[in-house]
Amino acid sequence: MKLVIVNLAISILAGTASAFAPLTFNVARTTTAASASSSSSSSSSALFMSADSSEEPLRIGTRGSPLALAQAYLTRELLMEKYPELKPEGAIEICVMKTQGDMILDKSLMELGGKGLFTKELDTALLNKEVDICVHSMKDVPTWLPEGTVLPCNLEREDTNDAFISGSEDIKCLDDLPDNAVIGTASLRRQAQLMAKNPTWRCVNFRGNVQTRLRKLDDGEVDATLLAIAGLKRMDMAGCATSVLDWDEMLPAVAQGAIGIQCREDDERSLKYIVGLNHAHTKACVDCERAFLEALDGNCKTPIAGQARIVDGKIKFRGLIAMPDGSVTYKTESEGEIADAVAIGKAAGEKLKAQAGEKFFEMMVEMSPQQVLGQLTKK
């Protein structure tokens with residue numbers, strides 16, 4: 001069965017996406033952001049409502065993928081709904097930028113260095129005052145922020161689980177995959193948990209935006225793939241999911257399904273706007289998960305999963321670290337008061353770090369990307 005792939009980017013640029021206000025956008029200018037490396041540069045283009053405004057527009061920085069644009073336009077819509085002064089045409093400007101992670105697709109994130117690949121250019125533009133706020137998928141944001149910036153806002157979280165997407169009508173769930181099945185994913189977290197479930201499965205690097213990955217699946221390059229259901233929902237593509245995996249089947253990534261909004265710490269105007277959009281329970285859960293990740297000090301070669309949720313007024317956390325081939329897994333669960341979210345996450349990370357031992361993390365640091373990939377692709 002062919003998968004229907006929605007080209008959201010075209011819809012957005014044409015001003016026809018049903019999720020956004022019916023306004024006309026024009027390409028207004030092109031600027032150059034800081035280079036991510038000596039061999040590559042990133043560019044940004046601003047899309048703004050075609051009307052004069054007496055005040056400076058609030059400039060939203062975002063990546064240019066369909067999902068990133070969907071999240072930026074959701075932010076714009078929420079700002080317009082909450083603040084009357086941001087409703088007129090010209091009050092909000094969206095600046096689209098390419099990041100290193102967007103430009104280099106033939107290598108795994110682990111080989112590229114992992115941290116900051118989807119945020120570095122946005123950070124630079126923010127500090128250079130080319131944009132006023134940046135909208136991020138929180139799972140892409142390092143646990144440290146550049147000096148001079150803050151991230152005080154998380155929008156209300158979408159479903160955090162992973163979606164299983166099959167290339168065959170006969171395979172309805174993860175357990176239906178046969179031995180030696182080929183699964184496309186760029187996530188070490190997913191790969192480790194998949195291989196712990198069935199060591200005969202083979203995981204292959206699968207990068208690109210959602211549409212690109214689904215097209216590869218449709219072309220038969222792999223038997224199945226996994227994507228965050230949150231992203232599919234935000235692009236009105238949830239129907240592409242064959243099934244949704246619960247935490248027992250696949251524990252999601254730290255901060256998966258959450259959108260974060262960053263600004264300069266001394267920008268009172270932007271702070272006022274984005275703090276007003278913050279969803280307190282989402283932020284508590286994300287802060288808990290990021291404290292867990294920070295305590296582990298995990299690198300891009302360490303499979304780490306961590307999720308918090310609020311149940312009956314308490315925050316409940318579950319975390320996991322593993323060897324890349326899934327041969328060894330350490331898990332932890334904890335709960336406590338919402339006000340103690342950061343302390344709960346930090347304690348969970350320290351517990352797993354002690355349980356795994358120093359040698360586990362030393363091995364992760366010492367392993368080359370090629371060694372890790374060798375474990376993951378072995379039959």
Side-chain angles (χ1 to χ4, degrees), residues 108-111 113-115 139-140 142-143 160-164 174-175 177 179 181-207 224-228 245-257 288-308 316-334 345-379:
S108 69
L109 298 179
M110 174 182 54
E111 290 177 284
K115 296 181 180 181
K139 66 182 180 63
D140 295 333
T143 52
T160 69
N161 293 341
D162 280 320
F164 170 73
L174 200 56
D175 288 335
L177 282 174
D179 287 350
V182 179
I183 304 168
T185 176
S187 164
L188 281 183
R189 169 190 63 85
R190 290 176 179 137
Q191 292 169 339
Q193 292 182 76
L194 287 168
M195 296 184 74
K197 189 177 184 68
N198 187 332
T200 73
W201 288 343
R202 188 162 63 94
C203 296
V204 297
N205 188 43
F206 216 54
R207 294 202 50 218
T225 190
L226 276 67
L227 295 170
L245 307 178
D246 62 30
W247 285 12
D248 291 328
E249 294 178 285
M250 180 65 59
L251 190 62
V254 165
Q256 184 159 305
C288 177
E289 295 162 22
R290 283 168 61 81
F292 168 74
L293 181 62
E294 185 175 18
L296 287 169
D297 193 26
N299 62 64
C300 55
K301 293 179 285 188
T302 308
I304 298 175
Q307 283 283 290
K316 297 190 176 184
F317 176 80
R318 188 184 298 187
L320 171 155
I321 58 175
M323 287 289 291
D325 64 354
S327 59
V328 178
T329 300
Y330 299 97
K331 300 178 181 179
T332 186
E333 294 188 37
S334 55
K346 181 179 179 181
E350 291 173 346
K351 178 182 176 181
L352 279 192
K353 195 169 186 177
Q355 188 178 349
E358 291 184 6
K359 288 186 178 180
F360 175 89
F361 293 96
E362 288 174 0
M363 192 185 320
M364 292 295 98
V365 172
E366 291 171 1
M367 288 178 70
S368 69
Q370 290 73 26
Q371 287 175 311
V372 176
L373 292 171
Q375 286 193 33
L376 296 173
T377 58
K378 66 183 180 182
K379 295 185 179 179

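The closest side-chain heavy-atom distance from Ile183 to Arg190 is not below 4.5 Å. With a 4.5 Å cut-off on side-chain heavy atoms, Leu296 and Phe361 count as touching. With contacts defined as side-chain heavy-atom distances shorter than 4.5 Å, the pair Val254/Thr143 does not qualify. The shortest side-chain heavy-atom distance between Arg318 and Asp248 falls under the 4.5 Å cut-off. Residues Leu251 and Arg189 form no side-chain contact, since every pair of their non-hydrogen atoms from C-beta on lies 4.5 Å or further apart.
A donor-acceptor distance shorter than 3.5 angstrom exists from the side chain of Glu289 to the backbone of Ala255, with no hydrogens or angles considered. Within the 3.5 Å criterion, the main-chain N or O of Gln191 finds no donor-acceptor partner in the side chain of Thr185.
Contact detail for Ala322 and Thr329: the closest heavy-atom pair is CB-OG1, 3.8 Å. Looking at every heavy atom in both residues, Cys203 comes nearest to Leu194 through SG-CD1, 4.1 Å. Met250 and Leu245 make their closest contact through CB-CD1, 3.8 Å (heavy atoms, listed as atom of the first residue, atom of the second, distance). The shortest heavy-atom contact between Pro252 and Ala305 is O-CB, 3.3 Å.
Residue pairs meeting the salt bridge (charged side-chain N to carboxylate O under 4.0 Å, His left out) criterion with at least one member in residues 346-356, sequence neighbours excluded, do not occur.
Take Asp246 and apply the side-chain hydrogen bond (donor to acceptor under 3.5 Å, both in side chains) test, not counting sequence neighbours, and it matches no residue. Residues that satisfy the ring pair (Phe, Tyr, Trp, His ring centres under 6.0 Å) test with Phe360, not counting sequence neighbours, are Tyr330. Take Ser334 and apply the side chain to side chain contact (heavy atoms under 4.5 Å, CB included) test, not counting sequence neighbours, and it matches Phe317, Ile344, Ala348. Evaluation of the side chain to side chain contact (heavy atoms under 4.5 Å, CB included) rule for Ala224 yields Phe164, Leu177 as partners, not counting sequence neighbours. In this view, Lys197 and Leu174, Asp175, Trp201 satisfy the side chain to side chain contact (heavy atoms under 4.5 Å, CB included) rule, not counting sequence neighbours.
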Full working for side chain to side chain donor-acceptor pair (under 3.5 Å) between Glu249 and Asn161: CA-CA 10 Å; Glu249 294 178 285; Asn161 293 341; over 6 Å; no

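Taken to the nearest 0.5 Å, the CG atom of Leu352 stands 5.0 Å off from the CD1 atom of Ile321. Within the model, atoms SG of Cys288 and CG of Leu293 stand 11.5 Å from one another, a figure rounded to the nearest 0.5 Å. We find the CD1-CZ distance between Ile304 and Phe292 to be 6.5 Å, quoted to the nearest 0.5 Å.
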